[in-house]
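Remember, it's 1-based here, ligands and their atoms both numbered in the order they're listed.
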Amino acid sequence: MTTSVHAAVLPDVGKSFVFEDLTLDDIEPDEVLVKITAVGLCHTDLAVQSGDIPGAFPFVLGHEGAGVIEKVGDAVTGLQPGDAVAMSFAACGHCRNCLAGKEAYCLYFMPLNFGGIREDGTTTLTDSEGAVVHGNFFGQSSFATHAIAAAKNVVKLPDDAPTEIAGPLGCGIQTGAGTVLNSLDVPAGSSIVVTGTGAVGLSAIMGAKVAGATTIIAVDIIDSRLEFATTLGATHTINSKNEDVTARITEITGGGAEYGVDTTGVGPVMASLLSSVGFGAKVAFIAVSKPGTTLDVGLFSGKTIVGGIEGDSIPQNFIPQLINLYKAGQFPFDQLITTYPFDQLEQAIDDTRTGTSVKAVLVMPTTES
Ligand code: CXF
Ligand code: ZN
């Protein structure tokens with residue numbers, strides 16, 4: 001049976017979202033139908049809108065969805081209608097990287113998450129004229145009242161989890177925290193620099209505090225964000241508009257930090273991070289850079305650079321861990337979130353671009369299903 005959904009459709013690159021009623025296909029045996037409760041807005045949605053990452057148009061974006069399962073396919077085990085879930089990225093599950101437990105590096109990550117089609121090439125959405133609208137963005141397309149996802153790409157939430165704000169755990173928040181806790185595996189007592197204090201950077205800072213890093217340096221150009229970073233665990237802040245980043249970090253750490261995370265994707269910021277870490281340091285670049293961005297690597301001998309995806313997370317393991325840390329008061333990700341009604345998507349985008357909101361979450365209207 002198909003489902004009528006209300007969705008925000010991106011007609012093409014550079015256009016605004018248009019709200020439309022669409023028809024969502026029936027699920028396949030390995031899929032679930034999720035009634036979306038709320039969905040986070042991630043900079044990757046905006047990168048597709050601006051054309052910095054290619055997409056398939058018209059396209060329903062949204063990839064930080066959380067909600068309640070309405071229907072499960074015949075082959076699905078371990079999930080049932082009524083389960084609260086967060087949705088995460090799509091991975092094929094059978095390529096060499098997936099088989100090695102590295103699903104964030106699925107060889108088919110880009111087509112599965114940005115291609116607008118299921119793995120078997122079919123599409124899931126049509127408009128009122130019967131024309132194809134691309135869905136399956138990050139295996140979900142959750143800027144809509146319902147979404148289809150492969151069962152393996154959803155994470156069952158504990159009964160007392162905050163479903164309304166859980167969606168961003170599936171992308172931005174796991175990316176920041178996971179980069180520190182999984183990709184870099186930062187040890188207690190170490191020093192780390194995080195450039196950019198958006199949702200991903202602040203999640204990296206919270207992750208660094210959880211890891212027990214004792215020198216956590218936040219770099220940004222907005223003083224209010226740096227102050228916020230301090231409340232979440234940053235021990236030092238640097239406004240790179242006013243201060244020499246490398247000189248300050250060298251002074252604070254006595255010769256260069258041990259770990260670095262760039263969440264800006266801006267060439268000169270990444271270069272300053274590279275020159276601010278010492279020999280033996282490990283640096284993760286995790287933002288989407290604008291096409292044409294160049295990086296002056298300087299003298300990076302003795303340093304390791306990784307281009308991480310999704311914080312090397314295995315969402316089914318990592319998201320429940322983050323929720324446990326949240327419940328223990330050690331990972332207050334709720335403080336990053338500003339909620340908006342779904343129909344205020346454009347306002348949420350404006351506030352995200354201007355920095356008024358750190359992590360916008362769009363809450364779906366409550367209706368009988
Ligand atoms: C994305 C960024 C672009 C590459 C794949 C992962 N992260 C999430 O928004
Ligand atoms: Zn994202």
Chemist: Please check if any side-chain donor atom of D220 sits under 3.5 Å from a side-chain acceptor atom of T197, or the reverse.
Modeler: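 D220 vs T197: donor-acceptor pair found between side chains.
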Chemist: Below 6.0 angstrom between ring centroids: does that apply to F143 and F137?
Modeler: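 No; F137 has its ring centre 6.0 Å or more from that of F143.
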Chemist: Near ligand 1, which protein residues have a heavy atom under 4.0 Å away?
Modeler: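 The answer is C42, T44, H63, F109, F138, C171, V288, I309, E310, counting any residue whose heavy atom sits under 4.0 Å from ligand 1.
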Chemist: Can you give the angle C42 SG - the Zn ion (ligand 2) - C171 SG, rounded to 10°?
Modeler: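 With the Zn ion (ligand 2) as the vertex, the angle is close to 140°.
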Chemist: I'd like to know whether NZ of K71 has more than 12 heavy-atom contacts from other residues, nucleotides or ligands below 6.0 angstrom.
Modeler: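 Above 12, so yes.
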Chemist: Go through the structure and list residues passing ring pair (Phe, Tyr, Trp, His ring centres under 6.0 Å) with Y108, not counting sequence neighbours.
Modeler: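 Y108: no ring pair (Phe, Tyr, Trp, His ring centres under 6.0 Å) contacts found.
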Chemist: T195 and T264: side-chain donor and acceptor closer than 3.5 Å?
Modeler: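 Their side chains do not contain a donor-acceptor pair, so the 3.5 Å distance test is not met.
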Chemist: Examine the side chains of T124 and N136 and answer whether a donor and an acceptor come within less than 3.5 Å of each other.
Modeler: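 There is such a pair between these side chains.
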